[in-house]
There are 2 protein chains.
Amino acid sequence: MSRAPVTDPGQAPLSDSAASDTERALAHAAEHCEAHGARFTAARRRVLAILLAQQGQPLTAYQLLDLLREQQPGAQPPTVYRALDFLMRNELVHRIESTNSYLPCNHQHCGHHHPEGEHWPQFLLCDRCGETREVPLDNALRQALTRQARDYGFEVGARPLELHGLCPGCRAEHE
Amino acid sequence: MSRAPVTDPGQAPLSDSAASDTERALAHAAEHCEAHGARFTAARRRVLAILLAQQGQPLTAYQLLDLLREQQPGAQPPTVYRALDFLMRNELVHRIESTNSYLPCNHQHCGHHHPEGEHWPQFLLCDRCGETREVPLDNALRQALTRQARDYGFEVGARPLELHGLCPGCRAEHE
DNA sequence: GGTGGATATGTTATAACATATCAATAGTGG
DNA sequence: CCACTATTGATATGTTATAACATATCCACC
């Protein structure tokens with residue numbers, strides 16, 4: 001697959017609002033970890049910060065590694081994968097299976113009320129520009145999916161759904 | 001990931017009904033290719049036959065390669081991947097993204113009427129035993145998914161949905 | 001029946017994605 | 001401070017998939 005160019009937070013400084021969004025997300029992550037007795041170390045923070053700088057464009061582990069090496073030249077694949085594992089266990093990052101890439105969790109949805117159980121994310125992926133948007137899976141839809149699976153005897157859980165297509169911008173260009 | 005043991009059609013002969021299901025599917029595939037001017041060669045047939053022998057357990061490309069080598073000792077990764085590409089292009093095999101594995105298409109659903117457009121498959125995957133079942137995605141559900149994506153400005157297409165959970169048998173054992 | 005273009009396969013190498021292992025170090029509770 | 005555990009460093013390897021180029025086969029046409 002073709003992927004969008006990456007943003008290096010070190011050499012291409014973000015706009016003020018993007019930077020403060022990142023700071024807010026990092027602060028939120030730190031609190032979240034603290035609350036769960038998990039250590040939000042410098043390595044983990046760096047990895048999350050890089051992902052946050054991409055503005056909706058997921059990175060592959062090795063793209064992330066290249067960026068991380070600018071701050072930490074000795075970084076190796078396990079450095080990245082360990083940080084990603086940690087961040088995923090703590091619901092700060094999602095893995096996008098269909099593109100082998102990683103995206104920071106969108107915590108806008110965390111406050112939403114999900115009477116049917118845990119958060120069940122859904123990703124809308126643009127096949128043209130790579131933009132990947134996390135949106136909440138509608139309750140009616142989640143119930144319908146669960147019910148349909150149960151009709152076949154399966155008990156399904158809240159793994160993210162990945163829907164591919166064109167984002168608004170690319171739809172317009174594509175006319 | 002743990003995966004179920006593979007079935008080698010050569011050394012563990014199938015029951016009569018399974019064998020005839022396989023033969024029927026192969027004959028159907030041959031016709032389908034003929035009708036589309038695509039060549040259903042021996043290599044492609046062998047790969048599809050191996051997948052059909054697995055009875056709902058998808059295989060990874062390299063598991064497939066190992067089995068293929070029993071019939072064709074010189075087979076290499078591209079041998080398998082080319083056959084898989086062909087079979088996928090001709091809608092005879094699906095790739096399961098969440099497990100990097102391959103499953104023959106279930107042609108039971110082909111006759112169904114899909115007023116909303118092309119076939120949009122859905123897979124129910126058992127995380128315990130690996131059983132993977134292809135079922136049709138309900139029209140109401142597909143409309144709801146399409147509509148919800150459109151609310152966010154995305155135009156999504158018919159990529160398969162992969163829902164993970166427990167199959168009926170494993171639910172029972174799991175009590 | 002030869003020839004040439006298209007399609008398919010063989011063969012080697014490598015890219016891309018991910019984990020195992022073990023030693024060194026840093027943080028934490030007693 | 002000590003022992004314990006989590007984390008990181010470093011090296012190697014496993015797994016999944018494709019690039020690149022040579023050769024073989026098919027088939028339409030002359």
Side-chain angles (χ1 to χ4, degrees), chain A residues 1-4 6 29-30 33-34 36-48 50-51 58-69 71-90 92-103 130 162, chain B residues 1-4 6 29-30 33-34 36-48 50-51 58-69 71-90 92-103 130 162:
Chain A
M1 210 193 84
S2 78
R3 303 197 205 258
V6 300
C33 289
E34 184 112 5
H36 292 70
R39 291 167 51 196
F40 192 56
T41 62
R44 292 162 176 176
R45 185 189 158 93
R46 281 193 288 270
V47 166
L48 181 56
I50 291 170
L51 289 174
L59 291 181
T60 68
Y62 281 74
Q63 287 176 323
L64 187 43
L65 179 56
D66 287 342
L67 293 175
L68 183 59
R69 279 178 167 157
Q71 300 171 53
Q72 193 182 336
Q76 296 298 331
T79 314
V80 166
Y81 282 105
R82 284 165 179 162
L84 289 172
D85 281 349
F86 173 89
L87 295 167
M88 288 190 287
R89 280 199 309 276
N90 289 278
L92 296 166
V93 163
H94 291 289
R95 175 167 197 267
I96 309 295
E97 297 187 324
S98 55
T99 56
N100 299 321
S101 62
Y102 301 85
L103 189 72
E162 302 179 12
Chain B
M1 209 193 81
S2 80
R3 302 196 205 258
V6 300
C33 289
E34 184 112 5
H36 291 70
R39 291 165 52 194
F40 191 57
T41 63
R44 292 162 176 177
R45 184 190 160 94
R46 281 193 289 268
V47 166
L48 182 56
I50 291 171
L51 289 174
L59 290 181
T60 68
Y62 283 75
Q63 287 176 323
L64 188 43
L65 179 57
D66 287 343
L67 292 175
L68 183 59
R69 278 177 168 158
Q71 300 170 52
Q72 192 181 335
Q76 297 298 331
T79 314
V80 166
Y81 282 106
R82 284 167 178 161
L84 289 172
D85 282 348
F86 172 88
L87 294 168
M88 288 189 288
R89 280 199 309 276
N90 288 278
L92 296 166
V93 164
H94 291 289
R95 175 169 195 269
I96 309 296
E97 297 186 327
S98 56
T99 56
N100 300 320
S101 62
Y102 301 85
L103 189 72
E162 302 179 12

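To find a chain, count down the sequence lines: A is the first, B the second, and so on, and within it residues start at 1. Because the structure is a prediction, the values reported are computed rather than measured.
Out of dG10(C), dT16(D), dT7(D), the shortest distance to the side chain of Gln72(B) is found at dG10(C). Candidate nucleotides dT8(D), dA17(D), dT12(C) were compared by shortest atom distance to the side chain of Gln76(B), and dT12(C) ranks first.
Within the model, atoms OH of Tyr81(B) and OH of Tyr102(B) stand 5.0 Å from one another, a figure rounded to the nearest 0.5 Å. A distance of 8.0 Å separates CG in Asn90(B) from CZ in Arg44(B), rounded to the nearest 0.5 Å. Rounding to the nearest 0.5 angstrom, the gap separating the CG atom in Leu59(A) from the CG atom in Leu68(A) is 11.0 Å. Distance OG1/Thr60(A) to CD1/Ile96(A): 12.5 Å, rounded to 0.5 Å. Atom CD of residue Gln63(A) and atom OG of residue Ser101(A) lie 8.0 Å apart, to the nearest 0.5 angstrom. Summarising the geometry, atom CG belonging to Leu51(A) is positioned 6.5 Å from atom CG belonging to Leu84(A); distances are rounded to the nearest 0.5 Å.
Counting to the nearest Å, the P atom of dT8(D) and the CG atom of Leu68(A) are 11 Å from each other. For Leu87(A) and dT7(D), the CG to P distance is 12 Å, given to the nearest whole Å. The separation between Arg44(B) atom CZ and dG10(C) atom P is 11 Å, rounded to whole Å. What separates CE of Met88(B) from C1' of dT18(D) is a distance of 13 Å, to the nearest Å. To the nearest angstrom, C1' of dT16(D) lies 12 Å from CG of Leu84(B). Atom CD in Glu34(B) sits roughly 14 Å away from atom C1' in dC26(D) (whole-Å rounding). Between the P atom of dT11(C) and the CZ atom of Arg69(B) lies a distance of 12 Å, rounded to the nearest Å.
As judged by a 4.0 angstrom heavy-atom cut-off over every strand, Phe40(B) is placed among residues making no nucleic acid contact. Residue Ala75(B) is out of contact with every strand shown, counting any heavy-atom pair closer than 4.0 Å.
Under 4.0 angstrom from either OP1 or OP2 of dA17(D) there lies at least one side-chain N or O belonging to Asn100(B). Look at Thr41(B) and you'll find a side-chain N or O under 4.0 angstrom from OP1 or OP2 of dT9(C). At dA17(D), one or more side-chain N or O atoms of Arg95(B) fall inside 4.0 Å of OP1 or OP2 (strictly under the cut-off).
When each of Asp85(A) and Phe86(B) is assigned the nucleotide of DNA chain C bearing its nearest heavy atom, the one mapping closer to the 5' terminus is Phe86(B). Each of Arg46(B) and Tyr62(A) has a nearest nucleotide on DNA chain C; the 5'-most of these lies closest to Arg46(B).
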### Query
Can you give one letter per nucleotide of nucleotides 19-24 of chain D, 5' to 3': B if a protein heavy atom sits under 4.0 Å from the base, S if only from the sugar-phosphate, - if neither?
BBB---
### Query
How does protein contact run along nucleotides 24-30 of chain C, one letter per nucleotide 5' to 3', with B for base contact, S for sugar-phosphate only, - for none, heavy atoms under 4.0 Å?
---S---
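Taking the side chain as every heavy atom from C-beta outward, Phe86(A) and Val47(A) never approach each other to under 4.5 Å.
With hydrogens and angles ignored, the 3.5 Å screen pairs a side-chain donor or acceptor of Glu162(B) with a backbone N or O of Glu97(B). Although no hydrogens or angles enter the test, the distance criterion places no donor-acceptor pair under 3.5 Å between the side chain of Arg95(A) and the main chain of Met88(A).
The base of dA20(C) has none of its N or O atoms less than 3.5 Å from a complementary donor or acceptor on the side chain of Tyr81(A).
Every residue meeting the side-chain contact (heavy atoms from CB on, under 4.5 Å) condition with Gln76(B), not counting sequence neighbours, appears here in chain and number order: Arg69(B), Pro78(B), Thr79(B).
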